[in-house]
Enquirer: 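Encoded as structure tokens, here's the structure I'll be asking about.
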Amino acid sequence: MSDEAIIRVENLGKKYRIQHQQNGSTRYKTLRDAITETFAAPFKALHRIGRSSLEERVPGSVKPLASRSSSEDFWAVRNVSFEVKRGEVLGVIGRNGAGKSTLLKILSRITEPTEGRVRIKGRVASLLEVGTGFHPELTGRENIFLNGAILGMSRAEIRKKFDEIVAFSEVEKFLDTPVKRYSSGMYVRLAFAVAAHLEPEILIVDEVLAVGDAQFQKKCLRKMQDVSRQEGRAVLFVSHNMAAVSSMTDRVALMDRGSNVFTGATERGIKEYLKSSDQGCGAYDSPLSNSSKPFVSQIRVNSAKGEAIHISGQNMVITVVINHADPIRNACFSFQIVNQYQHPVVHCWIYDIDTPICREGQSTILTCRMPSLALNVGAYTLTTFLSEPPGGQFFEKLEGICPFQVEIIGSQTLFGWRPDACGYITAFEWTKH
Amino acid sequence: MDELILEAGRAERNYWRDLWRYRELFYFLAWRDILVRYKQTVIGIAWAVIRPLLTMLALTMVFHKFAKVSAPGATPYALLVMAAMLPWQFFSTSLSECSNSLIGNSNLISKIYFPRLIVPAGSVITSFVDFLITLALMAALMLWYGFFPDWRLLLLPAFIMLAFAASFGLGLWLAALNVEYRDFRYIVPFVVQFGVLVSPVGFPSSYVPAKWRLLYDLNPMVGVIDGFRWSLLKGEGVLDWSAILLSAITVILLLTAGVWYFRRMERTFADVI
């Protein structure tokens with residue numbers, strides 16, 4: 001264990017027992033269930049012995065264990081090891097259900113690990129959800145004290161920081177109003193203000209920034225950075241917002257199905273995450289193998305980050321293979337990049353009259369390089385057109401092919417990147433006169 | 001800097017130290033519950049006076065006026081009932097509050113670590129505030145009747161302790177059970193209703209037939225109520241010390257087992273709540 005490591009997680013595992021309930025999906029039992037289970041258990045056991053030998057012989061049964069018993073072990077987290085150093089912001093990323101929340105629950109001591117060990121030097125404060133423990137009937141002032149205590153501050157500490165908290169939250173005027181009358185923005189601001197003034201050695205932040213207005217979000221991000229860089233504390237930042245993760249963290253731990261599959265530089269971690277997430281293939285292969293009419297047989301979207309992910313502002317290369325039994329006279333090929341709202345954002349074309357194509361052989365390979373393609377974030381597809389010039393034959397139109405994602409890394413906007421903000425991002429400068 | 005190690009079974013070892021460390025949170029949770037308790041009610045804190053007063057009047061009417069039950073000595077019957085109402089109302093409010101306490105704080109329990117014991121403990125404290133108000137009502141009532149307690153009053157704190165232990169002990173059971181089995185939501189009001197009849201709230205213990213006496217004394221509230229009457233009302237109702245002892249033993253068993261059961265279940269609260 002290196003000296004500055006403030007959190008050390010070693011082979012951490014958490015096992016849950018999942019009850020397979022036939023009726024209802026309530027998590028808690030009723031007494032009736034408990035009673036019937038107790039009485040039925042011996043019979044079920046007998047029944048099970050009789051059946052299990054049969055089921056094991058069934059080929060291709062995916063989960064023989066699950067089908068046999070009414071409860072099943074499930075490892076929400078397993079074999080997770082990493083270290084967080086003093087002054088570091090570690091991003092924790094992964095898909096839903098990858099075990100991020102369980103990991104945080106263990107670190108914040110809400111639940112105990114089943115195996116492995118965590119060493120923590122210092123106080124941990126978690127912001128699993130802002131406003132935890134806020135009581136709607138209490139006033140802002142009262143809630144500051146209550147929430148502070150819940151987050152682990154002492155009364156003296158809260159008193160000392162009270163004015164600072166109030167100033168940060170920007171709700172001075174409503175301090176003596178019950179928080180149930182607050183707007184959701186005010187509520188979040190107050191809650192985050194309390195949390196931001198904690199002085200834990202380790203701060204756990206989980207999707208807190210999903211709420212609140214943009215200006216406040218920025219303030220929070222800055223506060224988090226101050227906390228880690230200047231005050232030498234460690235921050236664990238859990239988010240699905242890759243832009244925030246990339247601007248906030250230097251290292252990430254990538255979780256997948258309960259274990260951390262990668263720990264290291266943020267850039268690579270995000271790439272791995274995007275690769276693992278099933279968001280598109282960026283490729284097209286024609287179902288046709290032979291046709292008298294010309295057709296597009298293959299398209300590949302190649303971006304700097306791999307096939308299915310494009311990082312906005314970087315190069316993209318699209319490779320197209322056109323099959324044509326006979327040479328095409330004056331071939332015209334074009335494609336559109338269409339965003340998730342079905343609006344074409346970019347149109348690129350190549351015409352035989354400008355650049356001779358499809359005049360020789362049975363197939364033609366074309367590549368289209370788009371330098372610094374600054375698409376907005378979101379999901380995109382291609383639409384292609386293959387034809388003769390206007391008035392001539394129309395060979396093929398393909399729609400919704402080569403799905404790929406666009407991510408923005410390393411730059412922030414006040415309001416966050418949204419797919420619906422625009423189609424394309426261009427460089428701009430403002431001057432005030 | 002002290003190092004915290006988290007691994008299976010580790011929480012057990014830090015438990016009592018943590019309980020002390022989180023005392024401020026305990027204070028704040030109790031403070032919140034007290035603050036919130038009557039906040040949205042029209043007459044607010046007056047409920048703490050009206051409820052025991054009306055119950056006392058009703059019980060006095062039914063038992064004393066209609067059923068012609070009378071106090072063994074010369075004590076006004078209303079005082080006899082009020083002295084019993086004190087611990088009984090504390091006990092019954094504690095039970096209802098405790099049993100819902102964990103569920104009511106599920107957002108905290110599933111998100112923040114702290115020794116869960118402070119949640120039901122906070123509920124008992126909140127009920128104790130009501131108890132203090134009722135105690136003031138009792139004092140006013142005694143003044144009204146011109147009835148002044150004697151040296152036996154000095155023993156009242158001991159009986160308050162016993163009432164505390166009984167409320168907290170059973171409360172812990174109900175709180176933990178209610179997390180796992182929501183049936184207790186229905187059981188608790190029933191127990192409270194039933195309890196008024198099997199505890200000497202509306203009548204003196206002397207009315208209980210001798211052959212039922214032992215079974216009757218097993219009810220921990222019998223000793224508590226008799227003790228309250230004895231110490232507040234100048235030895236009203238002969239105090240059966242063996243009955244008090246039996247009550248005390250039951251209460252201590254209940255409390256110890258309650259703490260044990262609660263701590264056993266506590267580890268999984270965050271997962272099942």
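The model shown is predicted, which means the values in this text are computed figures rather than measured ones. The chains referred to below are lettered A, B, ... by the order of the sequence lines, with proteins before strands, and numbering in each begins at 1.
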Enquirer: Could you tell me the separation between the CD atom of A/E115 and the CD atom of B/E7, rounded to the nearest 0.5 Å?
Expert: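 Rounded to the nearest 0.5 Å, the CD-CD separation comes to 12.0 Å.
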Enquirer: Report, as yes or no, whether the 6.0 Å neighbourhood of atom CH2 on A/W75 holds more than 12 heavy atoms from other residues, nucleotides or ligands.
Expert: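 Yes - once you tally the heavy atoms of other residues, nucleotides and ligands closer than 6.0 Å, there are more than 12.
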Enquirer: Could you check whether A/R155 makes a cation-pi contact with B/Y27, meaning its NZ or CZ is under 6.0 Å from the centre of the six-membered ring and within 45° of the ring axis?
Expert: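 Yes, cation above the ring, under 6.0 Å and within 45°.
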Enquirer: Enter the distance from A/R117:CZ to B/L6:CG here, rounded to the nearest 0.5 Å.
Expert: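 Between A/R117 CZ and B/L6 CG, I get 10.5 Å after rounding to 0.5 Å.
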Enquirer: Considering only heavy atoms, which portion of A/K180 lies under 4.5 Å from any heavy atom of chain B: side chain, backbone, both, or neither?
Expert: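 The side chain, not the backbone.
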Enquirer: Mind checking the CZ-CZ spacing from A/F134 to B/R32? Nearest 0.5 Å is all I need.
Expert: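 One gets 12.5 Å once the value is rounded to the nearest 0.5 Å.
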Enquirer: Decide if atom CZ of A/R257 counts as having more than 12 heavy atoms of other residues, nucleotides or ligands within a radius under 6.0 Å.
Expert: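 Atom CZ in A/R257 is not crowded, with 12 or fewer foreign heavy atoms closer than 6.0 Å.
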Enquirer: Go through the atoms of B/I109 and report whether side chain, backbone, both or neither lie under 4.5 Å from a heavy atom of chain A.
Expert: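 Only the backbone of B/I109 comes within 4.5 Å of chain A.
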Enquirer: Heavy-atom distance under 4.5 Å to chain B: side chain of A/Y16, backbone, both or neither?
Expert: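 The answer is the side chain of A/Y16.
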Enquirer: With only heavy atoms counted, which part of A/E10 is less than 4.5 Å from chain B, the side chain, the backbone, both or neither?
Expert: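 Contact with chain B: none, neither part.
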Enquirer: Go through the steps to decide whether B/L25 and A/I150 satisfy the test side chain to side chain contact (heavy atoms under 4.5 Å, CB included), and finish with yes or no.
Expert: CA-CA 6 Å; B/L25 181 60; A/I150 285 167; 3.6 Å; yes
Enquirer: Quick one, A/R109 with B/D18, criterion side chain to side chain contact (heavy atoms under 4.5 Å, CB included). Give me CA distance, side-chain angles, the key distance, then yes/no.
Expert: CA-CA 12 Å; A/R109 302 179 66 190; B/D18 276 350; 2.8 Å; yes
Enquirer: Return the CZ to OG distance between B/R23 and A/S154, rounded to the nearest 0.5 Å.
Expert: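 One gets 9.5 Å once the value is rounded to the nearest 0.5 Å.
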Enquirer: Taking all non-hydrogen atoms of both residues, which atom of B/F28 and which atom of A/A149 are closest, and how far apart?
Expert: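 Looks like CD1-CB, 3.1 Å.
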Enquirer: So how far is it from A/I110 CD1 to B/F114 CZ, rounded to the nearest 0.5 Å?
Expert: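 Separation between the atoms: 9.5 Å.
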Enquirer: Is it the backbone or the side chain of A/L12 that comes under 4.5 Å from a heavy atom of chain B, or both, or neither?
Expert: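 Neither part; nothing is under 4.5 Å.
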Enquirer: Sort A/T114 into side chain, backbone, both or neither according to what part of it lies under 4.5 angstrom from a heavy atom of chain B.
Expert: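 Backbone only.
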Enquirer: When rounded to the nearest 0.5 angstrom, what distance separates CZ in B/R37 from CD in A/E137?
Expert: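 Here the rounded value is 14.0 Å.
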Enquirer: Given the options B/F269, B/Y22, B/W31, which has more heavy-atom pairs under 4.5 Å with chain A than any of the others?
Expert: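 Highest number of pairs under 4.5 Å: B/W31.
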Enquirer: Less than 4.5 Å apart, side chain to side chain, heavy atoms only: is that true for A/L138 and B/V36?
Expert: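 A side-chain contact under 4.5 Å exists here.
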